[in-house]
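All ligand and atom numbering here is 1-based and tracks the order in the structure. The first residue in the sequence is number 1, and the count goes up from there.
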Amino acid sequence: MSEVVHAPVMLKEAVDLLNPHEGGIYVDCTLGGGGHAKEILNRVGERGHLIAFDKDRYAIERSQKVLAPYLDRVTFVHRDYRFLADVLHELQIAGVDGIIFDLGVSSYQVLDPERGFSYNYDAPLDMRMDDSSATTAADLVNTLSEKELGDIIYRFGEERWARRIASFIVERRKKAPIKTTGQLTEIIKAAIPAAARRKGPHPARRTFMALRIAVNDELSGLEEGLRAGISFLKARGRIVVISFHSLEDRIVKRIFREYAASNILQILTKKPLLPSEEEVLVNPRSRSAKIRAAEKTVIAG
Ligand SMILES: C[S@@+](CC[C@H](N)C(=O)[O-])C[C@H]1O[C@@H](n2cnc3c(N)ncnc32)[C@H](O)[C@@H]1O
């Protein structure tokens, strides 16, 4: 796995919007490979501090190496960012100058042939970012009802063949449990009519994304994390979110608007910022990225 590199998405745009200042306290809710974290640490200087969350223990381990020159300025937190408020209380931090979220999965996770995130590698059907959490993708696929599976694949994957895929999964698991990414990919291919499979992305892409979102409970965690983050921002502190999925972006937009309506936040990005054409060419993972940012108002306290 040493050849895999996660190129941070919209690095300059995101960190410029966060606007880290010397000596400030910042939170990176999604440390990943430490790309955004490193840039923030460079800007906050020796008196600054970064609290870095990742629920994937491998991301924490890898970033500890990447951030080795800055270790005295980083607190690593191996937890879901939905517990941001609890963690900041435990650390006795009353307010922070900025918070960044770079949502979804990292290349380290997707390109790890053993973690079951990808239809490109045959592996146990896992998809957990946190390998100590209870439910794997195989658990969902083998235990949920056909309706529940169809709903997940339709809602989180925006897959038009969701109901057919769910029905094929349920038929297939009557014979034997579905255990691997390879088996699931075959079932999806069988469920989607050949003509529809010939164009567009890999036929399993949407279903895999949907299951990943469900396994890691990504959407409800995001709402909790955003609300906690906003409540801990100091006046003029900033929150920056990079999202990759319309459902994520909708949550960010709704919550920012809600706090802006009560004068707690001022929205800095009327329209979300998108990656440049050059970045999309060099880093295809950035193609669906959207950045939204907001600043805590002075009167909010
Ligand atoms: C897109 S990557 C972040 C990449 C990072 N910004 C960089 O520059 O390398 C997202 C990371 O966030 C983590 N993550 C996703 N949801 C999380 C959550 N709810 N709590 C904590 N970490 C989460 C994932 O495990 C993954 O490592």
Chemist: Report yes or no: does R79 have a heavy atom closer than 4.0 Å to ligand 1?
Modeler: yes
Chemist: Would you say ligand 1 has an N or O under 3.5 Å from any N or O of R82?
Modeler: no
Chemist: Among Y81, F83, Y58, F244, which one has a heavy atom closest to atom 18 (C) of ligand 1?
Modeler: Y81
Chemist: When you check the gap from the basic side-chain N to the acidic O, do D151 and K147 get nearer than 4.0 Å?
Modeler: yes
Chemist: May I ask whether G34 has any heavy atom positioned less than 4.0 angstrom from an atom of ligand 1?
Modeler: yes
Chemist: So which heavy atom on G35 is nearest to which on P8, and how close?
Modeler: CA-CG, 3.7 Å
Chemist: Going by the side-chain hydrogen bond (donor to acceptor under 3.5 Å, both in side chains) test, which pairs reach into residues 188-205, not counting sequence neighbours?
Modeler: none
Chemist: Do you know which two heavy atoms are closest between I100 and A14, and how far apart they sit?
Modeler: CD1-CB, 4.0 Å
Chemist: Mark yes when over 12 heavy atoms from residues, nucleotides or ligands other than R236 sit less than 6.0 Å from its CZ; otherwise mark no.
Modeler: no
Chemist: Any heavy atom of Q109 closer to ligand 1 than 4.0 angstrom?
Modeler: yes
Chemist: Under 3.5 Å between some N or O of ligand 1 and some N or O of G33?
Modeler: yes
Chemist: For atom 6 (N) of ligand 1, state which one of V66, D130, D102 supplies the nearest heavy atom.
Modeler: D102
Chemist: Does any N or O of ligand 1 fall below 3.5 Å from an N or O anywhere on M129, backbone included?
Modeler: no
Chemist: With a cut-off of under 6.0 Å to the ring centre and 45° to the axis, is R212 in cation-pi contact with F117?
Modeler: no
Chemist: To which protein heavy atom is atom 10 (C) of ligand 1 closest, and what is the distance rounded to 0.1 Å?
Modeler: G104 O, 3.1 Å
Chemist: Answer whether the closest heavy-atom distance between the side chains of H21 and D97 falls below 4.5 Å.
Modeler: yes
Chemist: Should the heavy atoms of other residues, nucleotides or ligands under 6.0 Å from CZ of F244 be counted, would the total exceed 12?
Modeler: yes
Chemist: Is ligand 1 under 4.0 Å from a heavy atom in the side chain of L103, in the backbone, in both, or in neither?
Modeler: backbone
Chemist: Can you confirm whether the side chains of R128 and T135 place a donor and an acceptor under 3.5 Å from each other?
Modeler: no
Chemist: Which of the numbered atoms in ligand 1 are below 4.0 angstrom from a heavy atom of G32?
Modeler: 3 (C), 4 (C), 9 (O), 27 (O)
Chemist: Do any heavy atoms of D217 fall under 4.0 Å from ligand 1?
Modeler: no
Chemist: Would D130 and R57 pass as an ion pair if we require N to O under 4.0 Å?
Modeler: no
Chemist: Pull out every atom of ligand 1 sitting under 4.0 Å from any heavy atom of C29, numbered as shown with elements.
Modeler: 21 (C), 22 (N)
Chemist: Which atoms form the tightest heavy-atom contact between T269 and R292, and what is the distance?
Modeler: OG1-CA, 3.4 Å
Chemist: Do me a favour and list the nearest non-hydrogen protein atom to atom 7 (C) of ligand 1 with residue, atom name and distance?
Modeler: G35 N, 3.4 Å
Chemist: Is the CZ atom of R79 crowded by more than 12 outside heavy atoms at less than 6.0 Å?
Modeler: yes
Chemist: May I ask you to list the atoms of ligand 1 that are less than 4.0 angstrom from any heavy atom of D56?
Modeler: 25 (O)
Chemist: Taking only non-hydrogen atoms of H36, do any sit less than 4.0 angstrom from ligand 1?
Modeler: yes
Chemist: Examine ligand 1 and decide if any of its atoms is less than 4.0 Å from a heavy atom belonging to L31.
Modeler: yes
Chemist: Does ligand 1 come near enough to R285 that some N or O of the ligand is less than 3.5 Å from an N or O of the residue?
Modeler: no
Chemist: Please report which non-hydrogen protein atom sits nearest to atom 3 (C) of ligand 1, along with the residue it belongs to and the distance in Å to one decimal place.
Modeler: T30 O, 3.3 Å
Chemist: Scan for ring pair (Phe, Tyr, Trp, His ring centres under 6.0 Å) pairs involving residues 85-104, sequence neighbours excluded, and state none if there are none.
Modeler: Y81-F101, H89-F232
Chemist: Residue-level breakdown please: for K55 versus ligand 1, do any non-hydrogen atoms fall below 4.0 Å on the side chain, on the backbone, on both, or on neither?
Modeler: both
Chemist: Is there a heavy atom in A37 that sits closer than 4.0 Å to ligand 1?
Modeler: no
Chemist: May I ask you to identify, for V105, whether its side chain, its backbone, both or neither come under 4.0 Å of ligand 1 on a heavy-atom basis?
Modeler: backbone
Chemist: Under a 4.0 Å threshold between the charged nitrogen and the carboxylate oxygen, would D80 count as salt-bridged to K55?
Modeler: yes
Chemist: Which residue holds the protein heavy atom closest to atom 11 (C) of ligand 1, what is that atom called, and what is the gap in Å?
Modeler: D54 OD2, 3.5 Å
Chemist: Please state which protein non-hydrogen atom is closest to atom 19 (N) of ligand 1 and give its distance, to 0.1 Å?
Modeler: D80 OD1, 2.9 Å
